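Below is one structure, written out as structure tokens; comments come after it.
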Amino acid sequence: MEQFIWLIPALPLLGFLINGIGNKSVPRGMSGLVASITVLGGFILSVVLFLQLLSDPNLVIQQKLFTWMATSTMEVDFGFMVDRLSVIMLLVITGVGFLIHVYSMGYMHEEPDYARYFAYLNLFVFFMLILVLGSGYLMMFVGWEGVGLCSYLLIGFWFKNNDYNAAASKAFIMNRIGDLGFLLGMFLMLQTFGSLSYDKVISGASTMSVGTPVLTAIALLLFVGAMGKSAQLPLYTWLPDAMAGPTPVSALIHAATMVTAGIYMVVRSNVIYVLAPFASEIVLIVGILTALLAAFVGLKQTDIKKVLAYSTVSQLGLMFVALGLGAYKTALFHVVTHAFFKALLFLCSGSVIHAMGGEQDMRKMGGLKKALPITHLTFLIGTLAITGIPPFAGFFSKDEIMASAFATNGWIFALVCFCALLTAIYMFRLYFLTFHGEFRGSQHQQEHLHESPASMTTPLIVLAILSTIGGFIGMPEIMHAPHLLSRFLKPVTAMAESYTSLHVTHTFEYILLVSSVSILAIVIWFSHRKYAVQKHVPAAPQELSGFQWVLHNKFFVDEFYDAIIVRPLRMVSSLGYRWIEQGFIDGIVNGFGTVATSLSAALRYLQSGAIGFYMIAMVISFIVVFFIQMFL
Amino acid sequence: MNILIAITAVGVLAMLSEILNFRRFLYPISLFVMLVALALTGMEWSHGVRYFNDMLYMDNYAVVFTGIMVVTTLLWFMMNENFLNGNPRQADFTAIISFALGGAMVMAGFSDLIMLFLGVEILSISMYVLAASNKSEPRSNEAGFKYFLMGAFASGFLLFGIALVYGATGSFNLREISEFVSENNTDMSAIFYGGVLMIAAGLAFKVAAAPFHFWAPDVYEGSPTPFTAFMSTVVKTAAFAAFLRLFSTCFSEVSTWWSPVLAIMSALSMLVGSIMALRQTSLKRLLAWSGVANAGYMLMAVVSLNEYSDTALVLYAAAYSIASIGIFTLVSNMTNAGNEEISSLHGFSKVNRFPALVITVLMFSIAGIPPLAGFFGKYAIFAGALKDGFVWLAVVAVLSSAISVFYYLKVVVAMFQPAGREAVQLEFNPGQSLVLGLVLVLVVVLGLVPALITTLI
């Protein structure tokens, strides 16, 4: 198997080439099929790899492709590395990716630019696989930039709409800020460890003592990169805007895979973070603030995809909380379960939007339960999973985050619990507003309500099953079942575990289980009464006041950034253009050019074409050189 | 050794082809033998065999340079399919080019000063003939005559220098000279230093470094374009391979003595070449001046002699040869259309999209824009100069590079401008398109992974 690792990313790349070069000459049926099959091939290979790693606990597959550059002080290679962490990411990317490709065949069937869409989607999968398969930070960076590019291309997929283009540019620029941090972190690593490969960096870092300043600096810089990619404060505002892209793209890129790259990076560098407690604290604080802020904003949104987008930001925040607490396996656990249920929720919302003829406002929906039975049921499962009701997947991972928080700090625990409560409130509001009550859309929409085709509902069912049973890979201790994921990841996080002990008593776990379930039950009952029985509909934005108004406008963060960054920047740039660019630099450049051309005019007389002169010139030159050398 | 036999065999076959009347097979034969020669070159790698009583030493340095020159000649044959096939003097041209390549190979692999001189002469005499080969064109006659007279003059310098070095050290053999120099490096006689200087002047003429560059623009412009292409690639590479080989093996112990004067020559070449290229309106003449400037960059590798000089020069020479062959594909088509002016390229990109793209990439590479091969060549050479303490030289090099961007991009801009009245239709035959495709791949791949070639030495 080892010699076939390159096939995993090569297959989607092949799909990209077929769809990208063939573009409109590829038959419509073919392009979707090619795209899906290449990803399925990657999934099958990943399963084989997974089984191989499962049988041998110490197996880490390293493959050097080529040396990019080597000097006496540093060496930078390109290569693949597959260990237990990357294989889990591989399974999620190719598995969920495949389902979303299948779903896209149905969802995009009316799209004229079908092949271009699948070409981008395949390219994204390729870069995402490069990101997790790389044997060093450089390869990760290549993938990191690549997925950023694909995200940009797909957000702006409908490039004729200028708002969508603006959203795409916003995502790109925000990510660029983060990437600068990542890049600086890489330079610092290169200077400190002389290499960017994981094993050399990790072994170099593990010999340092706790709190070494350079490690803290590296950890913080890498985290800036993660802030951009994983949409954390203050760089999160691009993610809600990114919902301009097609819904399957939101599911794949902006929920299940790309945005978790930051978490993958921190887990990959866990040794550095363990040795940099200050950086870990920053991660924790940023994570919890993001989780709360996004959850608050999610309460008052009326666009179905925006709610899910803020929910994603909030869940990513929770993952960073786990990372900040040193519970790396828990964070990865939540990445996996989140990939299942958030992809499911997005795809369901896509199905709803599809049925409603492109309508995304929840105030115009309601009572869709009857018309869309499969979508309704799978969405309900997704909602139960995200809110953390046992035995659905989200319960186990969220419970683990809460337990880790309780073992470390009571305040963090309280805030995480509060965040979980908010999650339940906005998710059930979304669920009841969409599927219960009376239909509030137009007559025309009502007549056209229909369940989606099988190519769309099948992925929904598969993801719903995964969201139901996915949590069983990580059972808490009180269930007396083995924590499979934790056992599997032991070699990756062994060092981190020797530093942090996150253990809670059985009594606490029982209390947590019972109290969370009962609080959630109350939330469900309230939401049901408010939105399903009393048929309450959220007010129009102009009728809102006070805190609700602030929430609906997302705390005015976008306006704030515009005022303190965008506008001053525009001003400085226009000043710079007028004075520095046109006046100063152009003057120097033109002056340089004038001098050079006039010199050239003067020198031309030397090139007379007369051979006698040339020979004399040579002799004189030699004599001059000779005298300078021999006698001076 | 086998490479030399294979290469000269093409020459002999070419001459026989006239007598035995198989000229129509000559073109495929020459392509095939070039491929064989490339394979043979590969087989010599890392064996380090010494031939002819240590007259020729095929170390990795020689093998890599030979490889570059054989590949360039192969590309040269491919781009000149129309020029050679059906030409009544096809056999002569093929034979002389093969002999010239043989001479170039000797210049890359010599380990004896006699061999150096033989290589230089075989190469030069071939080129004198080729420069004058368009007998009906006065400019070609003039070019050949100029090249021959001045080249003979420079050979005189070289030979006299070799004689002086022999007189001072008592040997022609590079190893013995270098041993002698390292044993007596404090009290070498003035004869020796004079010899070194004269050899430097002779070789500076061959690489067209200022102030021994006067012949270059006139000869480049006057010669038939296919041979100009050969001069600015294989001949230049061979001359630099010889230059660095001689100075790094024999004279490195006394480098503090000769490096300042070579540094001045290098700086002068860069400045004169770049500044003169600015005003040129003919693409062929522009490339001639850019060749002078590039000689200056490559000379920096000799000036800043250190353990990376070899790799830096190899990378630069490879990048330069590849890019030049691609650009000369365009120039030879322009010559055929009867107009070598840059302004005649207006509207070129509309008709010939792929060639326009390739030429643009090549111009970017030769101007030193990352991540193409030319950038890493320049980077390696500039870094070497900085490492050796020639900061001022590196500054001059960067300035000259900045100027060069202007005239390289002038060509690119012209290609993408709307067609004017002067526009000419250019057609690329399949062989030339293939050459363009190959050089595009090479320039990009060598830029992404320069280690492919630098690790060979």
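Proteins get letters first, then strands, A, B, ... in listed order; numbering begins at 1 in each. Since we're looking at a predicted model, the values are computed, not measured.
- Neither the backbone nor the side chain of B:F406 comes within contact range of chain A, judged by heavy atoms closer than 4.5 Å.
- Interface summary for chain A: among B:L452, B:V272, B:L271, B:L448, the most heavy-atom pairs under 4.5 angstrom belong to B:L448.
- When each of B:F376, B:W258, B:F212 is checked for heavy-atom pairs under 4.5 Å with chain A, B:F212 comes out on top.
- More than 12 heavy atoms of other residues, nucleotides or ligands shown are found within 6.0 angstrom of CZ on A:F80.
- Judged by distance alone, the side chain of B:S124 and the main-chain N or O of B:V120 form a donor-acceptor pair under 3.5 Å.
- Annotation: maximal heavy-atom pairing with chain A below 4.5 Å, among B:L149, B:L278, B:L197, occurs at B:L197.
- With hydrogens and angles disregarded, a donor-acceptor distance shorter than 3.5 Å links the side chain of B:S223 to the backbone of B:V219.
- Note on B:E221 versus B:K284: no salt bridge recorded, every NZ/NE/NH1/NH2 to OD/OE distance being 4.0 Å or above.
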